[in-house]
Colleague: 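What follows is a single structure, and I will ask about it in a moment.
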Number of protein chains: 2
Amino acid sequence: MSPQETNQFPNNTEVPEIVIARLPQYLRVLHTISDSGIDVISSLQLGKQMQVTPTQIRKDLSHIGRFGKQGKGYNVGYLATELQRVLGLNKNWHVCLIGIGRLGRAILNYPGFAPEGFQIKAAFDIDTAVIGQTIGGLTIQPIDDLKDDISKHNIKIGITAVPSNMTQKVVELLTSYGITSILNYAPMYPQVQPHIKVRNVDPVLALQSMTYYLNRPTNGAEV
Amino acid sequence: MSPQETNQFPNNTEVPEIVIARLPQYLRVLHTISDSGIDVISSLQLGKQMQVTPTQIRKDLSHIGRFGKQGKGYNVGYLATELQRVLGLNKNWHVCLIGIGRLGRAILNYPGFAPEGFQIKAAFDIDTAVIGQTIGGLTIQPIDDLKDDISKHNIKIGITAVPSNMTQKVVELLTSYGITSILNYAPMYPQVQPHIKVRNVDPVLALQSMTYYLNRPTNGAEV
DNA sequence: GTTTGTGAAGTATTTCACAGCC
DNA sequence: GGCTGTGAAATACTTCACAAAC
């Protein structure tokens with residue numbers, strides 16, 4: 001396949017969402033591999049490093065294109081670039097944050113978003129005691145500015161860090177202004193239309209899904 | 001089935017992990033339903049509220065027992081209690097935290113764990129500038145105390161908030177001391193033996209799995 | 001010789017549909 | 001009449017196995 005072919009969608013079937021969710025993980029590992037000076041890697045080696053089967057890597061990648069060379073493997077830099085392109089990570093995304101409580105402040109100060117191309121351009125609250133404060137270089141605004149700021153700053157992603165009982169309302173506000181991607185930190189899962197993507201960050205739920213196994217007799221410990 | 005029967009394992013086949021991961025979500029919604037004064041709920045109503053199919057709820061619950069009444073539905077309080085029991089959430093769990101950087105501090109101050117029965121009993125770091133400080137009522141200890149503290153405080157769960165390049169080592173340390181449940185905040189997935197459970201909290205990965213859809217022509221937006 | 005990309009086979013998970021019970 | 005619990009059917013996902021490419 002010649003490089004100038006536009007092959008962003010090699011077939012007309014949907015890429016399974018579970019595959020999409022794995023691509024950023026591949027990308028991240030490719031970056032560390034690239035940093036260590038390795039130029040070419042096989043699905044076998046990559047799979048060993050990630051503890052996934054090489055077949056899964058090849059099958060996943062086959063959903064979005066053909067990036068490898070038989071007998072060789074994948075060019076690390078090229079594959080990373082292609083994954084970034086497919087995932088839309090070759091540009092910056094503008095994000096807004098709703099809810100400047102304890103958690104919201106931590107998010108504003110979290111240094112992990114910007115280097116990955118996610119820039120928090122505006123932050124909102126309803127509490128007049130918070131509005132006007134400057135945190136992490138951003139001045140907190142009243143929620144009424146949300147609509148205008150979304151278009152002004154070309155914001156495509158919303159982060160919600162408001163109390164559970166307000167989250168559904170805030171999510172509906174965001175989607176009514178055209179936001180289709182939401183990262184939700186509240187411990188409840190807002191209901192949205194199918195074309196809206198929500199990812200929930202929920203450490204308590206993660207803990208609660210492990211205690212089940214702490215209760216069992218230690219199966220597999222004989223390994 | 002009489003209540004005094006021990007039916008914690010209605011059959012000898014494994015409960016799928018994907019089912020276990022959904023049970024805490026059911027539990028959470030049941031609590032809010034209970035708070036609103038409703039005593040009995042059908043899988044249809046519950047499914048509407050959670051936007052999942054009633055069949056899935058019934059099938060999931062059937063893996064761990066029979067909790068409903070035909071023609072009626074589920075007693076909210078009873079089902080919640082049973083889910084708590086099966087998940088091991090009817091007791092407190094002792095947790096330790098490794099890594100007291102910016103993120104670790106936020107975790108120590110996060111008020112969401114304790115009400116759900118997860119108590120951070122000890123916190124560790126290797127930085128002598130941090131060791132000895134008191135944060136959120138806990139005195140930060142050197143990592144060398146980890147082994148003793150795990151047995152002293154009956155700690156069963158570890159939270160890692162150390163840099164990516166140290167996470168694998170810290171996870172191996174924890175598992176070598178008998179920890180089998182780990183909540184990992186580092187943006188890398190540590191490799192562990194099959195009987196060790198790891199849950200990763202990774203907001204950047206969550207964002208990166210949404211940008212794919214932001215790039216597409218808005219499919220489904222015609223709804 | 002090595003490794004990809006992929007149909008086919010095999011598993012896992014979800015949904016259907018209905019007997020049995022309230 | 002309404003709803004659960006569950007085999008059977010359908011769908012989704014993973015793994016196998018191998019032809020084609022290097």
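Side chains included, hydrogens not; waters and symmetry mates left out as well; all remaining heavy atoms used. So you know, we letter chains A, B, ... as the sequences are listed, proteins then strands, and number each from 1.
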Colleague: Roughly how bent is the helix from C:dG1-D:dC22 to C:dC22-D:dG1 end to end, in steps of 10 degrees, with each end axis from five pairs?
Modeller: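 Both end axes considered, the difference amounts to 0°.
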Colleague: Atom CD1 of A:Ile57 to atom C1' of D:dT14: distance rounded to whole Å?
Modeller: 13 Å
Colleague: Among residues at least two apart in sequence or on other chains, which ones pass side chain to side chain donor-acceptor pair (under 3.5 Å) with A:Lys197?
Modeller: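 Side chain to side chain donor-acceptor pair (under 3.5 Å) list for A:Lys197, sorted by chain: A:Glu17.
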Colleague: Round to a whole Å and report the spacing from CD of A:Glu14 to P of D:dC13.
Modeller: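 Whole-Å distance recorded here is 11 Å.
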Colleague: Evaluate whether atom CE of B:Met166 has more than 12 neighbouring non-hydrogen atoms of other residues, nucleotides or ligands under 6.0 angstrom away.
Modeller: no
Colleague: Between P on D:dC3 and CD1 on B:Ile41, what's the gap in Å once rounded to a whole number?
Modeller: 11 Å
Colleague: Nearest whole Å is fine: how far is C:dT2 P from A:Tyr74 OH?
Modeller: 17 Å
Colleague: Once you apply a heavy-atom cut-off of 4.0 Å, does B:Thr55 come out as touching a base, just sugar-phosphate, or nothing?
Modeller: base
Colleague: Might you point out which heavy atoms bring A:Ile179 and A:Ile150 nearest each other, and give the distance in Å?
Modeller: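 Closest heavy-atom pair between A:Ile179 and A:Ile150: CG1-CD1, 3.8 Å.
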Colleague: Specify the residue among A:Gln56 and B:Lys59 whose closest nucleotide of DNA chain D lies further upstream toward the 5′ end.
Modeller: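 Looking at the nearest nucleotide for each, B:Lys59 comes out on the 5' side.
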Colleague: Locate the shortest heavy-atom distance separating B:Leu97 from B:Ala161; write the atom from each residue and the value.
Modeller: CD1-CB, 4.3 Å
Colleague: So what does B:Pro54 hit on the nucleic acid, given a heavy-atom distance under 4.0 Å: a base, only sugar-phosphate, or nothing?
Modeller: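 Since no nucleic acid heavy atom lies under 4.0 Å of B:Pro54, the category is nothing.
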Colleague: Report yes if a donor N or O on one partner sits less than 3.5 Å from an acceptor N or O on the other, where the partners are the side chain of B:Lys69 and the base of D:dG2; otherwise report no.
Modeller: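 Not at all, since no donor on one side and acceptor on the other fall under 3.5 Å apart.
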Colleague: Send over the distance from B:Lys72 NZ to C:dC22 C1', rounded to a whole Å.
Modeller: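 About 9 Å, once rounded to whole Å.
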Colleague: Of the nucleotides C:dG5, D:dT6, D:dT4, which has the atom closest to the B:Ser62 side chain?
Modeller: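 The answer is D:dT6.
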Colleague: With a 3.5 Å distance limit and no angle check, can you tell me whether B:Ser34 reaches the backbone of B:Gly77 through a side-chain donor-acceptor pair?
Modeller: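 No.
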Colleague: If only side-chain N and O atoms of A:Ser43 are considered, is one of them under 4.0 Å from the OP1 or OP2 phosphate oxygen of C:dT3?
Modeller: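 A:Ser43 to C:dT3 OP1/OP2: no side-chain N or O under 4.0 Å.
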Colleague: What about B:Arg58: does its side chain form a donor-acceptor pair under 3.5 Å with the base of D:dG5?
Modeller: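 A donor-acceptor contact between them is present.
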Colleague: Send over the distance from B:His63 NE2 to C:dA12 P, rounded to a whole Å.
Modeller: 12 Å
Colleague: For the pair made of CG in B:Leu61 and C1' in D:dT6, what is the distance, rounded to whole Å?
Modeller: 13 Å
Colleague: When you measure from the side chain of A:Arg22, which nucleotide among C:dG5, D:dC3, D:dT14 comes out closest?
Modeller: D:dT14
Colleague: Check the distance between D:dG1's P and B:Leu44's CG and give it to me in whole angstrom.
Modeller: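 The answer, rounded to whole Å, is 17 Å.
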Colleague: What closest approach, in Å, do B:Pro203 and A:Tyr185 show between heavy atoms, and which atom pair accounts for it?
Modeller: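 Smallest interatomic distance, heavy atoms only, reads CB-OH, 3.2 Å.
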Colleague: Tell me if a side-chain donor or acceptor on B:Arg199 pairs with a main-chain N or O of A:Met210 at a distance below 3.5 Å.
Modeller: no
Colleague: Side chain of A:Gln70 only, heavy atoms from C-beta on: which candidate in D:dT4, C:dT3, C:dT6 is closest?
Modeller: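 Selected nucleotide (nearest to the side chain): C:dT3.
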